[in-house]
Amino acid sequence: NTRDCIGRALTLTVSSGRGAHYVDFVKTARQILLSTSMTVELWMNPTRQAGSKVFVAGLWGPGNDDNDQWVLYFDANDNLVFEINGTGPKLRAVDNTILSIPGSSLYNKWSHIAAVFNGQNQRIYLYIDGVAVDSARNATYPATQLRPLERPELLTQIASTNSLSDNASNRTFRGQIDEFRMWNTVRTPTQILCTRDLSLNGNEAGLILYYRFNEQPSNFTLCDASNGNSTGRARSGASCQNNTRTSLLRVSAIPTQVRD
């Protein structure tokens, strides 16, 4: 049996000032041990914020390099960017691994995004709707693992990061996000494609965090459906509201006769 993953979605409508909407979540040992492989998956329906860097999710900042690990964002030119910081000499963008793809077609519609880090081949990948779009490797400073934080108590955020500053050059995410998943494995293209439209059981190998965002709008405490005890907190008015995404039609067929 299959289950679709349509319900409510995390809804974020304020992207600047002290009231900017975002989510952070309790840190667990499984997150701290995240190192040589990682996959982040989510559905998103973003609103364009022209000329600003818009954070989608990440564990990034404050300070340059010291607390930068991974981040997903739209840049001011409407590119979707996945960036990781390895254990290089702290040269910021020079020794980070950065993958940038055109993102203007992603606004105002639902898309499934998967960002993958493979420390074995030192590459990062971006998938859109189950299709691999591009990959990148820093040939001068190849990353085999994510940088350990100097402040390990810092929390991963959705719709923002710890490097956010209150000015027009960067904003939190505005729109809806759904089915946010973190893995400590390199998800294969087949796994990404075949499970993006399905809700998970929560006990899948390598799944370290899973938010379905189906809570009532008045409930700002988010359940980690991976049973990893990483409770999320919807901040500043972020909430789970009706989901505008539609489910795919699934058809099952059993052949009555097979011919050579």
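Just so it is clear, the values below take in all heavy atoms, side chains as well, and ignore hydrogens, waters and symmetry mates.
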For this session: Return the set of residues passing side-chain contact (heavy atoms from CB on, under 4.5 Å) with Gln191 (not counting sequence neighbours), or none when no residue passes.
Result: Arg187, Thr188
Exercise. Is the number of heavy atoms from other residues, nucleotides or ligands under 6.0 Å of Asn229 CG greater than 12?
Worked result: no
Any side-chain heavy atom of [X] sitting closer than 4.5 Å to one from [Y]?
| X | Y | value |
| --- | --- | --- |
| Arg181 | Thr195 | yes |
| Asn85 | Asp65 | yes |
| Val94 | Pro89 | no |
| Val131 | Leu193 | no |
| Gln157 | Phe55 | no |
| Ser169 | Lys53 | no |
| Leu106 | Phe74 | yes |
| Leu12 | Gln176 | no |

Shortest non-hydrogen contact from [X] to [Y]?
| X | Y | value |
| --- | --- | --- |
| Arg212 | Ala225 | CG-CB, 4.2 Å |
| Phe220 | Ala238 | CD2-O, 3.3 Å |
| Ala136 | Thr97 | O-CG2, 3.8 Å |
| Gly88 | Asp95 | C-OD2, 3.3 Å |
| Thr172 | Ser15 | OG1-CA, 2.9 Å |
| Asn79 | Ser100 | CB-OG, 3.2 Å |

Problem set entry | Validation row, ring centre Phe82 to ring centre Phe117 under 6.0 Å |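 Distance test on ring centres: not under 6.0 Å, no.
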Given 3.5 Å as the limit, does a donor-acceptor pair link the side chain of [X] with the main chain of [Y], or not?
| X | Y | answer |
| --- | --- | --- |
| Ser165 | Ser163 | no |
| Thr39 | Trp183 | no |
| Lys27 | Pro152 | yes |
| Asp66 | Glu150 | no |
| Ser226 | Gly202 | no |
| Asn138 | Thr140 | yes |
| Tyr211 | Asp178 | no |

Atom pair [atom1]/[atom2] of [X] and [Y] - distance to nearest 0.5 Å:
| X | Y | atom1 | atom2 | answer |
| --- | --- | --- | --- | --- |
| Thr47 | Tyr107 | OG1 | OH | 10.0 Å |
| Arg8 | Glu215 | CZ | CD | 9.0 Å |
| His21 | Phe173 | NE2 | CZ | 13.0 Å |
| Arg147 | Ser35 | CZ | OG | 12.0 Å |
| Leu10 | Ile177 | CG | CD1 | 5.5 Å |
| Arg48 | Arg174 | CZ | CZ | 12.0 Å |

Problem set entry | Pi-cation contact, Trp43 with Arg245 (under 6.0 Å, within 45°) | yes
Exercise. Taking only residues two or more places apart in sequence or in another chain, which ones pass side-chain hydrogen bond (donor to acceptor under 3.5 Å, both in side chains) with Asn96?
Worked result: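 Asn96: side-chain hydrogen bond (donor to acceptor under 3.5 Å, both in side chains) contacts with Glu83.
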Give a yes or no on whether a salt bridge exists between [X] and [Y], defined as a side-chain N under 4.0 angstrom from a carboxylate O.
| X | Y | result |
| --- | --- | --- |
| Arg196 | Glu41 | no |
| Arg92 | Asp68 | no |
| Arg233 | Asp24 | yes |

Exercise. What do the steps show when you test Leu59 against Thr161 for side chain to side chain contact (heavy atoms under 4.5 Å, CB included), and what is the final call?
Worked result: CA-CA 6 Å; Leu59 182 53; Thr161 72; over 6 Å; no
Transitive ILVMFWY side-chain link [X] to [Y], under 4.5 Å:
| X | Y | answer |
| --- | --- | --- |
| Phe25 | Met44 | yes |
| Leu42 | Ile158 | yes |
| Leu209 | Trp70 | yes |
| Met38 | Trp60 | no |
| Leu146 | Leu149 | yes |

For this session: Begin from the C-alpha positions of Arg30 and Asn184 and carry the test side chain to side chain contact (heavy atoms under 4.5 Å, CB included) through to its verdict.
Result: CA-CA 8 Å; Arg30 294 193 294 181; Asn184 61 12; 5.6 Å; no
Exercise. Can a donor-acceptor pair be found between the side chains of Ser239 and Gln241 at a distance below 3.5 Å?
Worked result: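 Present: a donor and an acceptor within the cut-off.
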Problem set entry | Distance-only polar pair, side chains of Ser230 and Gln31, donor-acceptor under 3.5 Å |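 Checked: Ser230/Gln31 side chains pair up, N/O donor to acceptor below 3.5 Å.
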Exercise. Of Asp224, Leu33, Leu34, which meets side chain to side chain contact (heavy atoms under 4.5 Å, CB included) against Ile208?
Worked result: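 Testing each of Asp224, Leu33, Leu34 against Ile208, the sole residue satisfying side chain to side chain contact (heavy atoms under 4.5 Å, CB included) is Leu34.
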Exercise. Tyr210 and Phe180: side chain to side chain contact (heavy atoms under 4.5 Å, CB included), yes or no, with the steps?
Worked result: CA-CA 6 Å; Tyr210 181 24; Phe180 186 90; over 6 Å; no
Extract all donor-acceptor atom pairs below 3.5 Å that involve side chains of residues 122-130 and protein atoms in other chains or at least two apart in sequence.
| unit_1 | atom_1 | unit_2 | atom_2 | d |
| --- | --- | --- | --- | --- |
| Gln122 | OE1 | Arg137 | NE | 3.1 |
| Gln122 | OE1 | Arg137 | NH2 | 3.0 |
| Gln122 | NE2 | Gln120 | O | 3.2 |
| Arg123 | NE | Ser135 | OG | 3.2 |
| Arg123 | NH2 | Ser135 | OG | 3.0 |
| Tyr125 | OH | Asn121 | ND2 | 2.8 |
| Asp129 | OD1 | His112 | N | 2.8 |

For this session: Using the side chain to side chain contact (heavy atoms under 4.5 Å, CB included) rule, take Asn170 and Val54 through it: C-alpha gap first, then chi angles, then the decisive distance, then the call.
Result: CA-CA 6 Å; Asn170 62 127; Val54 178; over 6 Å; no
